[in-house]
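Following: one structure in structure tokens, then a few remarks.
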Amino acid sequence: MAIVGPNFCAPYPVELGIVRKVMTITDGNFAVTDVNGNLLFKVKEPLFSLSDKRILLDASDNPILTLKENKVSLHDRWQVFRGKSTDQNDLVYTLKRSSMFQLIKPKLDVFLAHNKEMKECDFHVKGSWIDRSSVIYAGKSDVIVAQMHKKHTAQSILIGKSNFSVTVYPNVDYAFIVSLIVILDDINREDSED
């Protein structure tokens, strides 16, 4: 199921390692690798900016997706666009909380660009971000498309990094899954600051 592109789909499960640098003064605080440690993606966040945009880059610094938060929404609404665009013609999907009143375990609904009425979600995310045990499902079903697993080590805690892995199921777009995890991380950081 290619959402970002068929080049991000594999006919086998894809294991991704995700390192989030907790304290960073550079413009990239996420690194996404394959099981061999090869860099696949990184996330560029503006360091001092009023813009709530994140850009998902491939290993060669090519922009894959722009993730933009809508600050005036009560449901933590995000829109994700192709490349560096924020034009509605380049919209890939919209993500929002299932309801406003979710504290510990946010439930998120994902609506692909063609689903303009947003009555039935195309994907949903459930689980505990703190435990790094979130699961991404197709539609409102119990069909799992990706799962997150905690991977903390004493060293990672000491050097200010949060490590976890994600299993992306066969034929599921792993760039799409990575973009969801970046948004989920941001929502969790905002919730913990409240």
Side-chain angles (χ1 to χ4, degrees), residues 1-47 53-67 69 78 80 82-83 92-93 95 105-106 108 110 123-138 143-192:
M1 108 185 47
I3 294 168
V4 178
N7 51 322
F8 299 115
C9 298
Y12 48 83
V14 175
E15 286 291 328
L16 301 173
I18 299 180
V19 176
R20 184 185 180 292
K21 299 170 194 156
V22 180
M23 304 288 252
T24 182
I25 55 172
T26 63
D27 62 355
N29 67 348
F30 261 90
V32 181
T33 63
D34 63 14
V35 290
N36 299 317
N38 300 314
L39 183 67
L40 297 176
F41 302 105
K42 52 190 165 182
V43 177
K44 182 177 181 179
E45 287 186 42
L47 189 56
K53 288 194 317 193
R54 317 272 179 280
I55 299 174
L56 182 66
L57 305 166
D58 67 12
S60 302
D61 284 338
N62 297 310
I64 306 298
L65 295 171
T66 296
L67 296 66
E69 183 178 12
W78 286 75
V80 177
R82 294 197 183 284
V92 176
Y93 70 87
L95 175 143
K105 295 184 180 182
L108 308 172
V110 179
F123 296 90
H124 73 280
V125 183
K126 288 197 296 193
S128 169
W129 178 256
I130 293 166
D131 296 334
R132 299 297 194 256
S133 63
S134 295
V135 179
I136 301 166
Y137 300 91
V143 176
I144 297 172
V145 296
Q147 253 177 309
M148 193 179 347
H149 317 279
K150 190 189 300 196
K151 207 167 94 175
H152 280 306
T153 64
Q155 180 188 14
S156 71
I157 293 167
L158 286 173
I159 59 175
K161 290 184 178 181
S162 173
N163 295 335
F164 53 98
S165 64
V166 176
T167 303
V168 181
Y169 285 51
N171 303 310
V172 175
D173 191 316
Y174 55 88
F176 165 67
I177 298 300
V178 169
S179 68
L180 290 176
I181 288 168
V182 171
I183 293 171
L184 190 57
D185 177 71
D186 194 272
I187 289 171
N188 179 68
R189 280 189 289 157
E190 286 179 0
D191 285 354
S192 64

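Being a predicted model, the structure only gives us computed values, none of them experimental. Values below: all heavy atoms of this structure, side chains included; hydrogens, waters and symmetry mates excluded.
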Side chain to side chain contact (heavy atoms under 4.5 Å, CB included) assessment of M148 paired with I18: CA-CA 10 Å; M148 193 179 347; I18 299 180; over 6 Å; no
Exercise: identify the closest heavy-atom pair between N7 and Y174: O-OH, 3.6 Å
Verdict with supporting geometry, L108 and W78, side chain to side chain contact (heavy atoms under 4.5 Å, CB included): CA-CA 11 Å; L108 308 172; W78 286 75; over 6 Å; no
Parallel, tilted or perpendicular: rings of F41 and F8 (30°, 60°): tilted
V145 side chain reached by I177 side chain, heavy atoms, under 4.5 Å: yes
Any side-chain heavy-atom pair of I3 and V92 under 4.5 Å: yes
Side chains of K42 and D61 in contact at under 4.5 Å (non-hydrogen atoms): yes
Flag, side chain of D173 to backbone of G5, donor-acceptor distance under 3.5 Å: yes
Contact summary for T66 and G83, nearest pair of heavy atoms: OG1-O, 2.6 Å
Sub-6.0 Å ring centroid separation between Y93 and F123: no
Distance, nearest 0.5 Å, that separates CD1 of I64 from CG of L56: 6.5 Å
Smallest separation among heavy atoms of C9 and M1, with atom names: SG-O, 3.7 Å
Residue pair Y12, V14: steps toward the side chain to side chain contact (heavy atoms under 4.5 Å, CB included) verdict: CA-CA 6 Å; Y12 48 83; V14 175; 4.2 Å; yes
Any donor-acceptor pair under 3.5 Å from D34 side chain to N36 backbone: yes
Rounded distance (nearest 0.5 Å) linking atom CD of E69 with atom CG of L95: 10.5 Å
For the student: nearest non-hydrogen atoms of Q147 and Y169, plus distance: OE1-OH, 2.9 Å
Considering all heavy atoms, the nearest L40-T33 contact: CD1-C, 4.0 Å
Rounded distance [0.5 Å steps], CD1 in I136 versus NZ in K126: 13.0 Å
Side-chain heavy-atom pair V43, L67 within 4.5 angstrom cut-off: no
Distance, nearest 0.5 Å, that separates CD1 of I55 from CG of N62: 12.0 Å
Minimal non-hydrogen separation, V4 against R82, with atom names: O-NH1, 2.9 Å
